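As the structure is a computational prediction, the values presented were derived from the model and not from experiment.
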Amino acid sequence: METFLRRLEILRYLQQRNAANLEPAGTDQIIQHLIDGDYVGEEERDEKSLMRLIQRDLKFLLGEYDEEDDSYFNHFDLRSIRGQRKTLLWEVSPYHDVSYEFEKMPSFMALALTLTRKHLNQVLPSAIQNDLAQLFFNAEHKMKQSERKLNDKQYTRLSNAVEFYQRGQSLRTPDFDMHTLDNIYQAILNGRRVKFAYQTSNGRKEYDVHPFGVTIMLPKLYLVGVKDDDARDGNLEEFRTFLIHRIEDLEVSRFSNAVPEDFKLKEYLDAGNTDVLVDRDANSYDLEVDLYTQRGSHLLRDLQDSPLNETQSLNEISDGHWRLSARVKHTVQLRNWLLALGAQAKVTAPQVIRNELSDYLSAMQQHYT
């Protein structure tokens, strides 16, 4: 999927340059655009490796060479032009001038587009949905044709076999205003603040926010941002999360936001910043949990496949007795996970988490006595 999106972005970038009457782009310009847009990972940014990677992308998009016509046969109207010192320049016509023959659409692209529409359509900006509507329709038509031709390799069957799902008790996704989400995307794209009313437990409250990003945590969508008052005080790490379905009357401000250029939402999420601290306790603790389960159990395999974090260790103490250790924050998410382990687990350290679990369980028991 990363390769597909990177190649799609190359075409979009060249199309935009053509539409703006700019000169064809060199390979180095394409590479810099992809780096700026985070379409290549840090591990791929070695200069020589990245050049080979993008050259393979361009060769794929250019298509097969037809010796009889002395030209390349491709579906994207991509052309290469000789520049100075034998360098290659690249250009492509704007999409609205291209008569795209969807019958020749590669099956892998039809599959990628079908999955994109199925899983991301509800959170894509409306303008993009409109722009892609015909392409999505053609992709689905291609899938239906492929179903008749591919037999046991039916792409349609695969598209029906990939789903997002919530682990644990499933909850219905709240209804939200797509226009609100569109405006948030517009503000992020144009580097603007947003003003909106928010329904809190204490009633309606007004906010002026610097939008940093949108997080999809099934079943809910969140706006991650910093209040303007905090930004003015230089506190750009005082993040707040707002449930998008509780946002009302949002408008894009004419004032610029203060989002740092190097901010990456994924790094923010990976650091556990969306977790809820218990009693606002921001300290980190050395967690130790005794686990009572047999070798090869689902619990042990889950912990080995999906560790709490990079500090986790899991050691066998005796037959049926294991010890889990990790450096953690004292969060509601951690508490709920420990409770879900039930009688298989006993927290031995730290005392603050032991006490909180004991008090929580006692309070729960009061409801059933």
| field | Whether Asp177 side chain and His179 backbone form a donor-acceptor pair below 3.5 Å | value | yes
| task | For the residue pair Tyr292 and His321, categorise the inter-ring angle as parallel (less than 30°), tilted (30 to 60°) or perpendicular (more than 60°). | result | parallel
| Would you say Leu88 and Arg82 make side-chain contact, with heavy atoms under 4.5 Å? | yes
| message | Pairing donors with acceptors under 3.5 angstrom, does anything connect the side chains of Asn309 and Thr311? | response | yes
| query | Are Asp36 and Gln32 close enough that a side-chain donor and a side-chain acceptor fall under 3.5 Å? | reply | yes
For residues 219-231, which side-chain N or O atoms pair as donor and acceptor with protein atoms under 3.5 Å away, sequence neighbours left out?
residue, atom, partner, partner atom, Å
Asp228, OD1, His210, NE2, 2.8
Asp228, OD2, Arg232, NE, 2.7
Asp228, OD2, Arg232, NH2, 3.4

| query | How far apart are the C-alpha atoms of Asp233 and Asn235, what are their side-chain angles, what is the distance that settles it, and do they pass the side-chain hydrogen bond (donor to acceptor under 3.5 Å, both in side chains) test? | reply | CA-CA 6 Å; Asp233 293 336; Asn235 299 323; 4.6 Å; no
| query | For Glu23, does its backbone N or O pair with a side-chain atom of Arg17 as donor and acceptor, under 3.5 Å? | reply | yes
| Would Tyr39 and Tyr13 count as a ring pair (Phe, Tyr, Trp, His ring centres under 6.0 Å) if you check the C-alpha gap in whole Å, the side-chain angles of each, and the deciding distance to 0.1 Å? | CA-CA 12 Å; Tyr39 285 93; Tyr13 171 62; over 10 Å; no
| query | Any donor-acceptor pair under 3.5 Å linking the side chain of Gln333 with the backbone of Val276? | reply | yes
| message | Suppose we call two aromatic rings close when their centres sit under 6.0 Å apart. Are Phe212 and Tyr268 close by that rule? | response | no
| query | Is the closest side-chain donor-acceptor distance between Asp302 and His298 under 3.5 Å? | reply | no
